[in-house]
Amino acid sequence: MTIRPIVGMGAVAATGSGVGELFENLCAGISGRAELRGFDRTRFRAQHAYEVDDRPAVGEDVPGRASRLLHEAIAQAAADAGLGEDLSGIPILVGTGLRELRSLELWWRDGSPFADSGLHFGTGLRERFNADVTHTFSNACSASLYALALGSDLLSQEGEDAPDTVIVAGVDVLTESMYGLLERVHPTPPDRVRPFDRNRTGVLMGDGAAAIVLRRSAEDTDRVYGHLRGVAVNCDAYHVTAPSPEGIAQAMRAAHKLAGVKPSDVDLVMLHGTGTLLNDEAEATALADVLGDDASVPLMTAVKSMTGHTSGASGLINLIVGVQALNEGRVPPTVGLDEPVEEAAPFRFVTGQPAVDQPLKVAQLNAFGFGGINAVAIVEGIR
Amino acid sequence: MTAQSLDTTVVVTGAAVLLPGADTVRALADGPAAGGAPVEPAAHVGRKGLRYKDRATQLGYALTAAALRDAGLLGADEKDGLSVPAASVGVVASSNFGNLDTVARALDTIREETVTATSPMDLPNASSNVVASSAAIRYGLRGPNLMVCNGETSGLDAVHWAATMIAAGRTERVLVLGVEPDNEVVRRLLGGGHAVDGGAALVLESRTAAELRSATVRAVVGPYRRGAADSAEAGRRWQLPEHLGTASGAHGLLQVAAAVGLFDSGESGPVQAVAGSADGDARADLLLLAPRAA
């Protein structure tokens with residue numbers, strides 16, 4: 001077991017920019033849901049999403065938004081950790097579901113300028129931060145926790161070239177193709193994200209980015225927000241879109257083992273909770289199995305009910321919100337969760353009002369992606 | 001956790017290549033002639049299961065099967081399954097152009113008709129990691145599964161991350177895959193050029209795991225570096241013949257596969273794989289050592 005301090009954090013989503021604003025809004029139950037802003041709505045049955053409201057005009061999309069949000073989150077985290085704006089030599093690991101595919105779409109149909117060097121984030125990070133050790137991982141909805149696993153592996157390396165600081169980030173914005181294909185597979189077009197609710201209609205996408213600065217040790221750091229205790233990653237090898245409760249449960253058990261925690265040690269679970277028809281039941285089944293007799297011990301919440309499904313960013317948004325929750329003893333509610341599905345019956349969901357004055361120490365973060373790629377992390381607060 | 005020992009050396013125990021004009025690492029090392037026939041995935045893995053899969057995924061299947069067989073991990077018949085535990089094999093795939101055709105086609109349908117006219121079968125292919133996850137599903141590889149889409153250096157970065165996960169004890173071996181399909185979207189993006197429409201795959205293992213199953217070591221993975229500075233000459237460099245087109249995310253894997261071909265043919269000095277450029281995003285280089293030299 002190796003414990004790594006988290007020394008800087010940054011985030012942006014439909015519900016706010018900056019870790020403090022985002023967390024306050026989530027605790028207040030404020031949702032980022034709105035009518036589609038960047039697409040021609042007449043092409044779609046679903047009409048809503050959880051977008052960051054940063055376009056020059058409604059209905060008019062602009063290229064490069066994923067990079068812009070990513071840069072914003074990284075700049076926040078780097079400043080927070082006192083790294084400054086020159087990030088040369090510092091590994092930056094970016095998890096994403098959809099890269100800059102929205103910019104590709106705007107090039108393909110609307111003729112905006114684009115080159116293949118703009119599909120991934122390295123070129124923009126070099127221009128903006130002089131960063132040259134950059135990696136874009138396109139690992140669907142578990143991408144940023146996969147990136148976190150690799151970042152922690154880098155910090156465990158020995159030798160003179162081994163880094164002592166790593167930036168891990170996640171980002172995604174809506175693409176027309178993914179938004180459309182996702183709603184296409186729903187019998188009724190989804191209207192809002194209601195994780196774990198019996199009457200949910202499915203998933204809707206959200207824009208978001210998050211970044212953290214992770215260090216080898218807490219020496220020479222002013223502030224530590226929390227500690228990463230371990231991240232486990234695996235693959236169901238089962239189906240391209242449907243999840244497997246067995247594969248998810250294995251990832252959870254592996255994370256507990258890596259982190260040296262027992263199910264009864266987990267005080268808070270930041271659920272993946274996408275509101276997708278099959279996925280919430282699969283996550284609940286796996287979690288109930290792993291927690292066993294302790295299934296009613298931890299508080300649980302799913303912030304996608306307010307941020308939408310931010311895909312590759314979502315794992316790290318969960319981490320940042322989870323760390324804030326541990327340190328403040330406050331947990332944002334799951335909005336729109338009225339009647340939990342049967343598989344989630346034993347769970348202690350936070351609904352309605354935020355939970356406050358909670359003694360919380362250890363949080364589990366879940367992220368699962370298309371192709372059955374699962375990632376589970378365990379973090380510890382500093383309270 | 002899987003077996004972890006003090007020896008963090010990572011070795012190559014299997015390699016495969018599929019390009020027009022080359023289907024062995026030796027043919028690749030020699031430099032494929034122009035005018036080779038396009039790769040037919042069905043000729044390598046049969047037609048079953050290829051429907052609804054995009055070109056990159058189909059190429060990935062064929063390369064995965066060939067590399068696993070070359071490493072002695074998969075029998076002649078796919079149904080025989082793996083000779084090692086499923087969780088002991090991870091996947092790292094590299095591709096930049098992999099699913100661009102699906103994205104463009106779905107978008108065209110949405111714009112010209114409506115979302116109702118799109119095909120639900122396109123949903124998995126719209127996710128850029130479909131190459132990595134599909135290889136895992138078809139061949140039952142349950143270790144960590146990673147898709148690297150990192151521009152010009154992507155293939156060498158993929159080898160680096162596979163080696164990193166092995167050294168960290170996350171998995172004993174990784175199937176590393178690099179493919180780039182050629183199609184209308186890619187050609188327009190490349191301003192008239194074309195992509196290689198093929199790729200290469202490797203099996204990387206910890207030396208300990210390779211020794212335990214008496215696998216033949218074909219190359220040893222040496223130091224990797226990514227950064228803005230140019231790298232010093234450290235070994236023989238193999239060049240991809242220009243007529244094959246842009247290799248992009250497959251470029252690094254093709255260079256490593258060519259290095260294995262050179263070592264198989266008796267080369268004993270190091271081979272240096274390089275990708276990207278110092279004035280662009282960044283440059284990556286990786287040193288490959290002959291089996292007995294390390």
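Per chain, numbering begins at 1; letters A, B, ... match sequence-line order.
Heavy-atom pairs under 4.5 Å with chain B peak, among Ser177(A), Ala131(A), Gly371(A), Ala115(A), at Ser177(A). Ranked by heavy-atom pairs under 4.5 Å with chain A, the first of Pro144(B), Ser133(B), Ala135(B) is Pro144(B). Between chain A and the residues Ala106(B), Ala284(B), Gly280(B), the most heavy-atom pairs under 4.5 angstrom are made by Gly280(B). The choice from Val185(A), Val133(A), Leu150(A) that makes the most heavy-atom pairs within less than 4.5 Å of chain B is Leu150(A). Taking chain B as the reference chain and counting heavy-atom pairs below 4.5 Å, the highest number among Phe114(A), Phe44(A), Tyr179(A) is found for Phe44(A). The candidate from Ala229(B), Ser154(B), Gly140(B), Ala282(B) with the greatest count of non-hydrogen atom pairs under 4.5 Å with chain A is Ala282(B).
Comment: Arg109(A) engages Asp108(B) in a salt bridge, judged by a side-chain N to carboxylate O separation of less than 4.0 angstrom.
Neither the backbone nor the side chain of Ala132(B) comes within contact range of chain A; no heavy atom of the residue lies under 4.5 Å from a heavy atom of that chain. Only the side chain of Gln157(A) comes within less than 4.5 Å of a heavy atom in chain B; its backbone stays farther off. Proximity to chain A (any heavy atom under 4.5 Å) is shown, for Val91(B), by neither the backbone nor the side chain. With a 4.5 angstrom heavy-atom cutoff, Ser88(A) does not touch chain B via any of its atoms. In this structure, chain B has a heavy atom under 4.5 Å from the backbone of Tyr238(A), while its side chain stays farther away. There is no contact between Ala251(A) and chain B, counting heavy-atom distances below 4.5 Å. Heavy atoms closer than 4.5 Å to chain B are found in both the backbone and the side chain of Val240(A). Heavy atoms closer than 4.5 Å to chain A are found nowhere in Arg283(B), neither backbone nor side chain. When heavy atoms are compared at a cutoff of 4.5 Å, Ala140(A) approaches chain B by way of both its backbone and its side chain. Looking at Arg99(A), the atoms closer than 4.5 Å to chain B (heavy atoms on both sides) all sit in the side chain, from C-beta outward. Proximity to chain B (any heavy atom under 4.5 Å) is restricted, for Leu93(A), to the side chain, taken from C-beta onward.
Close approach to chain B, defined as a heavy atom under 4.5 Å from one of its heavy atoms, is seen in Leu119(A), His120(A), Gly122(A), Thr123(A), Arg126(A) of residues 117-126 of chain A, taken by number. Near-neighbour residues of residues 111-118 of chain B relative to chain A, defined by a heavy atom under 4.5 Å from a heavy atom of that chain, comprise Arg111(B), Glu112(B), Glu113(B), Thr114(B), Val115(B), Thr116(B), Thr118(B). Of residues 53-60 of chain B, those residues lying under 4.5 Å from chain A by any heavy-atom pair are Lys53(B).
Contacts of Ala67(B) classified as side chain to side chain contact (heavy atoms under 4.5 Å, CB included), with partners at least two apart in sequence or in another chain: Ala16(B), Leu175(B), Ala201(B), Val203(B).
In this structure, the side chains of Val233(A) and Arg170(B) come closer than 4.5 Å at one or more pairs of heavy atoms. Here the side chains of Leu189(B) and Trp108(A) are not in contact, with every heavy-atom distance at 4.5 Å or above. Residues Leu101(A) and Ser128(B) have side chains in contact (heavy-atom distance under 4.5 Å, counting atoms from C-beta outward). For the pair Val148(B) and Thr136(A), the minimum side-chain heavy-atom distance is 4.5 Å or more.
Donor-acceptor pairing under 3.5 Å is lacking for the side chains of Asp153(A) and Trp161(B). Side-chain contact of Thr134(A) with Arg226(B): a donor-acceptor pair under 3.5 Å is present, judged by distance alone.
Checked by atom type and distance alone, the side chain of Arg184(A) never pairs as donor or acceptor with a backbone atom of Pro120(B) at under 3.5 Å. Checking side-chain atoms of Asn139(A) against main-chain N and O of Met147(B) turns up a donor-acceptor pair under 3.5 Å.
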Report the C-alpha separation of Glu105(A) and Val103(B) in whole Å, then their side-chain angles, then the decisive distance to 0.1 Å, and conclude whether the side chain to side chain contact (heavy atoms under 4.5 Å, CB included) test is met. CA-CA 8 Å; Glu105(A) 290 185 342; Val103(B) 170; 3.8 Å; yes
Dump the intermediate steps for side chain to side chain contact (heavy atoms under 4.5 Å, CB included) on Leu123(B) and Phe370(A), then the final yes or no. CA-CA 10 Å; Leu123(B) 178 59; Phe370(A) 272 2; 3.8 Å; yes
